[in-house]
Amino acid sequence: MDLLEYQGKQLFAKHGLEISDGRAVTTVEDAVAAANELGYPVVVKAQVLIGGRGKAGGVKLAANEAEATEHATNILGLDIKGHIVHTLWIEKASDIDTEYYASILLDRSAKKPLVMFSLEGGVEIEEVAEKTPELLIKRNVDPLVGLTKDEALSIVREAKTPADVEEGVADILVALYEVWIEEDATLAEVNPLIITPDRKAKALDAKVSLDESALFRHPENAKLRYTQGEDEQEAAARAKGITYVALDGDIGILGNGAGLVMSTLDVVAQAGGTPANFLDAGGGSDAQKITEATEVILSNPNVKAVLFNIFGGITRCDEVAKGLIEAFGQLKPTVPFVVRLDGTNDVAGRELLEQADLPNVTPAKTMLEAAQTVVALAKENS
Ligand code: GDP
Ligand code: MN
């Protein structure tokens, strides 16, 4: 789960990193009030879950109220690579002498955390890594030891950091590592990490990703999820604990198990159709979960037909059938359904469906037959 810059900075501050004072706002009026309160100059910063905001016009210095008004007006609503700006972070501006780069991430091949540090900050680090890899220092950390101050100093010295700021930069690396470990982050990046004219080191930007699977340990962090601009169906599905990804086709898909759902998408595509979503109802889905999942699929107005592809293992086909029957009772769908039930309790499931005699439900025996049927029905219905 990615955090907005200002949310990342708040986690930084919690672990002792120095950040500039600022306010998160959503209107021009509040932006100007925040700027007046902080004192000029301020930086008006777009809060979106994408990098390169500066280049896209999403980061502007304001020297007075008129400029703060102008920048807040221009940046709110700005489209940065498909991300619309709804929130601004108004921050007391810093004087910059030099811009460095620092990050901690998970090195999956080494199975260890990785510290990356470079004096070439403020620019895209991928470019540094490609053109001048010797200027990007990479160091794995022993997770049982953690990042010690000595190790951090050694990284900073390897990069040939000026001696008078070595300590300050090493302290930031150590604190950043603490953020990464204690908040269960998968990425903690600072670009730029600046040196001010009075030779202090400071985090001017923050890019933090948190491990979704560890959010249960951090209920306060789970609340930071940024949902503005998020797909409505995806948000509704997550609220119900359903794994759902919106796609741009017209055939709603429900399966159990990520692998089966992926192959269902492939077979539908092979049959000439385009899936409207990926939905994994998961193992052991009961009738209620199936009903809820059906509701999510049908909430997409593009859906012209729905395919249920269930291979019963832990999931029992009779439960799926009950869920579908319940969904028909509640939602009264107008689009055709194709249902393939195979595996545990499939005979009972098919019998239930037959007895219920749902309108517009076609049973299918094989996955390919199911895909061909649903593609044909979707075409008829569009
Ligand atoms: P990004 O473009 O999305 O990475 O956004 P950043 O937060 O990194 O800001 C982009 C650039 O704006 C930075 O590299 C700085 O050069 C500049 N910038 C950001 N904050 C300040 C500030 O407080 N003072 C000054 N002088 N420049 C800033
Ligand atoms: Mn940046």
Side-chain angles (χ1 to χ4, degrees), residues 2-13 17-25 31 34-64 67-68 70-72 74-105 116-129 135-136 165 168-169 172-173 176 179 185 187-209 226 228-229:
D2 295 339
L3 300 186
L4 295 171
E5 171 199 3
Y6 85 91
Q7 299 172 322
K9 280 183 169 166
Q10 280 161 0
L11 286 188
F12 284 2
L17 272 139
E18 198 195 329
I19 57 153
S20 304
D21 195 9
R23 311 272 182 277
V25 296
N36 286 337
E37 191 189 332
L38 291 164
Y40 295 92
V42 296
V43 202
V44 181
K45 307 187 79 175
Q47 299 298 291
V48 281
L49 297 176
I50 187 92
R53 295 164 300 158
K55 268 191 203 159
V59 179
K60 296 276 186 198
L61 278 166
N64 51 50
E67 288 183 10
E70 183 193 335
H71 296 324
N74 290 340
I75 297 176
L76 274 174
L78 187 70
D79 180 336
I80 301 182
K81 303 177 198 166
H83 296 246
I84 307 296
V85 181
H86 298 289
T87 303
L88 298 174
W89 172 242
I90 312 295
E91 178 174 286
K92 213 165 167 37
S94 306
D95 289 328
I96 303 177
D97 178 80
T98 333
E99 299 191 329
Y100 297 163
Y101 172 92
S103 66
I104 319 276
L105 57 151
M116 299 209 288
F117 178 71
S118 177
L119 299 192
E120 302 294 312
V123 294
E124 274 171 40
I125 199 63
E126 290 79 5
E127 212 172 297
V128 178
L135 299 181
L136 179 63
V165 295
V169 174
I172 288 187
L173 291 185
L176 204 57
V179 170
L187 172 72
E189 182 186 72
V190 180
N191 189 21
L193 186 175
I194 60 157
I195 305 300
T196 59
D198 58 356
R199 311 303 287 164
K200 289 211 169 67
K202 188 170 172 183
L204 213 63
D205 190 6
K207 191 169 168 189
V208 176
S209 284
Y226 183 68
Q228 263 173 325

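All residue numbers refer to positions in the sequence shown, counting from 1. Both ligands and their constituent atoms are indexed starting at 1 by order of listing.
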Please walk me through it: do Asp97 and Arg199 pass salt bridge (charged side-chain N to carboxylate O under 4.0 Å, His left out)? CA-CA 8 Å; Asp97 178 80; Arg199 311 303 287 164; 3.2 Å; yes

Should one rank Leu204, Val123, Ile96 by closest heavy-atom distance to atom 27 (N) of ligand 1, which comes out on top? Ile96

Polar side chain donor-acceptor pair, Tyr101 to Ser103, under 3.5 angstrom: yes

Given the Mn ion (ligand 2) as the apex, I'd like the angle to O of Asn191 and OD2 of Asp205, rounded to 10 degrees. 100°

Is Glu99 close to ligand 1, meaning an N/O of one under 3.5 Å from an N/O of the other? yes

For salt bridge (charged side-chain N to carboxylate O under 4.0 Å, His left out), just list the numbers for Glu18 and Lys200, CA-CA rounded to whole Å, side-chain angles, deciding distance to a tenth of an Å, and then say yes or no. CA-CA 10 Å; Glu18 198 195 329; Lys200 289 211 169 67; over 6 Å; no

From the candidates Lys45, Lys60, Arg53, Glu5, the one that places a heavy atom nearest atom 3 (O) of ligand 1: Arg53

Ser94 neighbourhood, listing ligand 1 atoms whose heavy-atom distance to it stays under 4.0 Å: 22 (C), 23 (O), 24 (N), 25 (C), 26 (N)

Indicate, as side chain, backbone, both or neither, the part of Asn191 found under 4.0 angstrom from ligand 1 when only non-hydrogen atoms are considered. backbone

Could you walk me through whether Tyr226 and Gln47 pass the side chain to side chain contact (heavy atoms under 4.5 Å, CB included) check? CA-CA 10 Å; Tyr226 183 68; Gln47 299 298 291; over 6 Å; no

Pick out which of Lys202, Lys60, Lys9 makes a salt bridge (charged side-chain N to carboxylate O under 4.0 Å, His left out) with Glu91. Lys9

In ligand 1, the atoms that come under 4.0 Å of a heavy atom of Asp205 are 1 (P), 4 (O), 5 (O), 6 (P), 7 (O), 8 (O)

